[in-house]
Amino acid sequence: MSQADKLYRNYFLEYASYVVRDRAIPDLIDGFKPVQRRIMHTLFEMDDGRMMKVANVVGATMKYHPHGDSSIYEALVNLANSELFIDKGGNFGNFLTGDGAAAARYIECRLKPFAKKVLYNPEITEYVNSYDGRNKEPVVFPAKIPVVVIQGTMGIAVGMSTSILPHNIFEVLEAEKKALRGERFKVYPDFPGGGIMDVSEYNDGLGKVAVRAKLNASDPKKLIIEELPYGVTSDAMIASIEKANSTGRLKIASISDYTAEKAQIEICWQRGVYSEDMVDVLYAATDCEKKISVNPLVIVDGLPKAVPISEMIRFHAKHLIEVLTAELENDKKHLQERLRARTLERIFIEERIYKRIETEKTAEAVKSTIIEGFVPFEAELGGEPLSDDDIERLLKIPIRRISLFDIEKNKAEIAEIEGKMKEIDYNLSHIVKYAESCLTEYEEMLDKDFFKRKTEISSFETLNVRQVAVRNMDVRYDPETGYLGTNIKTGESLLKVSPYDRIFYMKNNGEYRVVNVQDKVFIGTEGIFYINYGDKDVISKEIFTVIYRDRIRDKNVYQIKRFHISAFTTDKVYSVVSGEKAKVKKMSLWPSAIISMKFKPGYGYKIMEDTARFADFPIYKSPNAAGQKLTGKELQSLSIRQTRDTSTTEENTQPSLLDGLDDKNS
């Protein structure tokens, strides 16, 4: 490998690693991609409880994010539209219609208290230098809930991608409680636009879901789409419906879009078409039904990994314990510092140690006097000697505070601190119970009506367009022009088809072919013997019988061949006979029949007539078989009579299309 190749390989791997970890894939701990984390960090820094221009937030975030303002703006809008952490002011777009948000200078945002409660604690957060080294940014937030499961995410990196669907926050928090207790649980996606969802193939986030629009078909002449599938806008839905209408799958008189805060697309049908008949067609032929594949790829310990949804929640249950333990221990440390400060202050004033330093001339003497004064009270200080910080704090107490010192108030404050420390010790010893109470507290901070489940979980069979296509188009054949199709105006209707059908036809000369439904296709003027749908299951059940004349060793021989057709390729022309001198004389679909033959006089035949039965000849699995000899004598006429079986005949009520021998062509 050359030096250039090595450099290229190393640079590519570094770039790919950067895109995966620092741009496209969220971290499992806080559920954010880097740009989202930097936006939240900026909002925490700027937060004063009031609305801020999004343009200001975007500008401030650029201190941390090196990829420009447009990526920050789009990420902020998406974060705000999840309604979880950010309050919105102004037009942030409409996910139902696909309309974008207003410009950053026209819209405002601010943090919700919920965001600080579940994400923010700088004292237990690890920070690193920003890209230019001028600022500090968090590695990850110490999130107490599985944000990536609740909000969902999508991202494309080098050679990999992530797709996690959003879930209902109340269901996720309840699942996290069950994970804390070691109980089993299941959670399923929940989409802001509602709709209907089949989760039979969800596989804990590793499979796929089928989603459907919610349709109101109560009016037979008018159908209303009331909820859209996830990821489909009203414009995209209408475009798919109009496309289905233009290809003949639907028969629409008009379509109107009244979507605003809720989806409402109204479809009016043509005369003779009713809503109940069109529901399945809408699901099969339009965006009213979609399948969404999921891939829960997240960053775990610096590496991308596909993690099932339930495993993510169990991870966060353990992580919640770790975060709460760190917070409690940190709070206890602060309380211990406050308790020591109040105790030092009480002893310093109550025991009049401050009086002893009034006559001291040097700083060293003052320090020694204070240390000596606290020696009898080391037990109250936990056996810890005074530090330089303790002495400095005592010397900064103003004389006014000393003169107004309230011993009872000090004792009450110490008692309060000790009470809080006991509460922290209790919570640390009952950490799982405390974690559950915290999750309950988070639930109480949320709007139950707004965050209630919107997507209905159901079970349904995914339909394809062939299953529900309406066969309402006439296939006609014009023997004068030789054209076959749905746009032929002359000739009788031979078959009713849909745009998704294929047509099998066999001509009178024995040629056959399968073609897709078309406006018109030239097949020739020989005439059609047989036509049907081009499905192998349909065609393979037919028994074709062909009587044809072939010239073998300079002698005309009449052959008979009975066969099935079980294999064919679309648009390829086949023939039931082979050779230029082979000509079809009769074809039949009857399962059993008697063949009557009259021979030409003057050839020295003693027997001028003869018969044969279809049952006397085998049925081949393919039309490529050679067939068997029917007669070697010259025929004057040939007729076929249908029979119920091989022994009883009945009147020929269904003559073959080639009834009667064409001597001119023979």
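Along the sequence shown, residues carry numbers from 1.
Using a distance-only test at 3.5 Å, with no hydrogens or angles considered, no donor-acceptor pair links the side chain of Lys262 to the main chain of Gly193. With hydrogens and angles disregarded, a donor-acceptor distance shorter than 3.5 Å links the side chain of Lys454 to the backbone of Phe450. Between the side chain of Thr153 and the backbone N or O of Val148, no donor-acceptor pair lies under 3.5 Å. A donor-acceptor contact shorter than 3.5 Å is absent between the side chain of Asn203 and the backbone of Leu206. Side chain of Lys53 to backbone of Arg105: a donor-acceptor contact under 3.5 angstrom is found. Panel note: side chain Asp390, backbone Ser387; a donor-acceptor pair is recorded below 3.5 Å. With hydrogens and angles disregarded, no donor-acceptor distance shorter than 3.5 Å links the side chain of Arg38 to the backbone of His65. At distances below 3.5 Å, at least one donor-acceptor pair connects side-chain atoms of Ser429 with backbone N or O atoms of Tyr426. With Asn94 contributing its side chain and Ala260 its backbone, the two residues share a donor-acceptor pair below 3.5 Å. With hydrogens and angles ignored, the 3.5 Å screen pairs no side-chain donor or acceptor of Asn91 with any backbone N or O of Ala101.
Residues Arg37 and Tyr64 have side chains not in contact (no heavy-atom distance under 4.5 Å, counting atoms from C-beta outward). In this structure, the side chains of Lys208 and Val294 stay at 4.5 Å or more apart for every pair of heavy atoms. Val209 is not listed as a side-chain neighbour of Glu201, based on a closest heavy-atom distance of 4.5 Å or more. Under the 4.5 Å side-chain criterion, counting only non-hydrogen atoms from C-beta, Ile357 is in contact with Leu395. Annotation: side chain of Ile169 is in contact with side chain of Leu84 (closest heavy-atom distance under 4.5 Å). Side chains of Glu171 and Asp190 form no contact here, defined as non-hydrogen atoms less than 4.5 Å apart. Side-chain contact check for Phe32 versus Leu79: some heavy-atom pair is nearer than 4.5 Å. Proximity of Val128 to Lys136: side-chain heavy atoms (C-beta onward) are nowhere separated by under 4.5 Å.
The aromatic rings of His41 and Tyr127 sit tilted relative to each other, their planes meeting at an angle between 30° and 60°. A perpendicular orientation is assigned to the rings of Phe374 and Phe377, their planes being inclined by more than 60° (bins at 30° and 60°). His167 and Tyr202 have tilted rings, their planes meeting at an angle from 30° to 60° on a 0 to 90° scale. Using cut-offs of 30° and 60° for the angle between ring planes, the Phe451 and Phe170 rings count as perpendicular.
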### Check against side chain to side chain contact (heavy atoms under 4.5 Å, CB included), Ile29 and Val300
CA-CA 8 Å; Ile29 293 176; Val300 182; over 6 Å; no
### Ser130/Glu137 under side-chain hydrogen bond (donor to acceptor under 3.5 Å, both in side chains): CA gap, chis, key distance, verdict
CA-CA 6 Å; Ser130 61; Glu137 62 175 312; 5.5 Å; no
### Query
Are Ile196 and Thr455 close enough, and set up right, to give a side chain to side chain contact (heavy atoms under 4.5 Å, CB included), and what steps lead you there?
CA-CA 6 Å; Ile196 307 169; Thr455 303; over 6 Å; no
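For Ile107 against Ala102, the heavy-atom pair with the smallest separation is CD1-O, 3.7 Å. Residues Pro229 and Val211 share a closest heavy-atom pair of CB-CG2, 3.8 Å. The two atoms that bring Val35 and Ile72 nearest to each other are CG2-CA, 4.1 Å, heavy atoms only. Summarising the geometry of Asp447 relative to Asp449, their closest heavy-atom pair is OD1-N, 3.0 Å, with the distance given to 0.1 Å. For the pair Ala213 and Met237, the tightest heavy-atom approach, listed with the atom from each and the gap, is CB-CE, 4.4 Å.
When the shell of 6.0 Å around CD of Glu372 is examined, it contains 12 or fewer heavy atoms from other residues, nucleotides or ligands. Enclosure of atom CD in Glu183 by more than 12 non-hydrogen atoms of other residues, nucleotides or ligands within 6.0 angstrom is indicated. Atom NZ of Lys117 has 12 or fewer neighbouring heavy atoms from other residues, nucleotides or ligands inside a 6.0 Å radius. Under a cut-off of 6.0 angstrom, the local environment of NZ in Lys318 is sparse, with at most 12 non-hydrogen atoms contributed by other residues, nucleotides or ligands. Taking a 6.0 Å sphere around CD of Glu174, one finds it holds more than 12 heavy atoms contributed by other residues, nucleotides or ligands. Within a 6.0 Å sphere centred on CG of Asn129, heavy atoms belonging to other residues, nucleotides or ligands number more than 12. By the neighbour-count criterion of 12 heavy atoms within 6.0 Å, atom CZ of Arg181 is densely surrounded, having more than that number from other residues, nucleotides or ligands. The local environment of NZ in Lys178 is sparse, with at most 12 non-hydrogen atoms from other residues, nucleotides or ligands closer than 6.0 Å.
Side chains of Lys367 and Thr362: a donor-acceptor N/O pair is absent below 3.5 angstrom, by distance only. A donor-acceptor contact closer than 3.5 angstrom links the side chains of Thr97 and Asp99. Counting only N and O atoms by type, the side chains of Lys88 and Asn81 include a donor and acceptor under 3.5 Å apart. In the model, Thr343 has no side-chain atom that pairs as donor or acceptor with a side-chain atom of Glu380 under 3.5 Å. Under the 3.5 Å distance criterion, with hydrogens and angles disregarded, a donor-acceptor pair is assigned to the side chains of Ser200 and Asp198. A side-chain donor from one of Thr369 and Glu360 sits under 3.5 Å from a side-chain acceptor of the other.
Among Met197, Glu227, Lys214, the single residue meeting the side chain to side chain contact (heavy atoms under 4.5 Å, CB included) criterion with Glu456 is Lys214. Of the residues listed (Asp30, Ile86, Val147, Thr61), the one engaging Met40 in a side chain to side chain contact (heavy atoms under 4.5 Å, CB included) is Ile86, and it is the only one.
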Could you give the side-chain donor-acceptor pairs of residues 154-166 under 3.5 Å, partners two or more places apart or in another chain?
| unit_1 | atom_1 | unit_2 | atom_2 | d |
| --- | --- | --- | --- | --- |
| Thr162 | OG1 | Asn295 | O | 3.4 |
| Thr162 | OG1 | Leu297 | N | 3.3 |
| Thr162 | OG1 | Leu297 | O | 2.8 |

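Note that OH of Tyr120 and CG of Asp47 are 9.0 Å apart. Values are rounded to the nearest 0.5 Å. For the atom pair CZ of Arg340 and CD1 of Ile414, the computed distance is 12.5 Å after rounding to the nearest 0.5 Å. With rounding to the nearest 0.5 Å, the separation of CG in Leu173 from OH in Tyr442 is 9.5 Å. Note that CG of Asn330 is 6.5 Å distant from NZ of Lys333, once rounded to the nearest 0.5 Å. Within the model, atoms CG of Asp48 and CZ of Arg110 stand 10.0 Å from one another, a figure rounded to the nearest 0.5 Å. Of the inter-residue distances, the one linking Phe44 atom CZ with Thr125 atom OG1 reads 9.0 Å to the nearest 0.5 angstrom.
Salt-bridge formation is not detected for the pair Arg314/Glu176: no Lys NZ or Arg NE/NH1/NH2 atom is positioned less than 4.0 Å from an Asp or Glu carboxylate oxygen. With respect to the salt-bridge test (charged N to carboxylate O, under 4.0 angstrom), the residues Glu436 and Lys177 do not qualify. Using a cutoff of 4.0 Å between basic side-chain nitrogens and carboxylate oxygens, Asp425 and Lys422 are not scored as salt-bridged. Salt bridge absent: Lys63 and Asp132 never bring a charged side-chain N and a carboxylate O closer than 4.0 Å.
Under a cutoff of 6.0 Å and an axis angle of 45°, Lys144 and Phe141 do not form a cation-pi pair.
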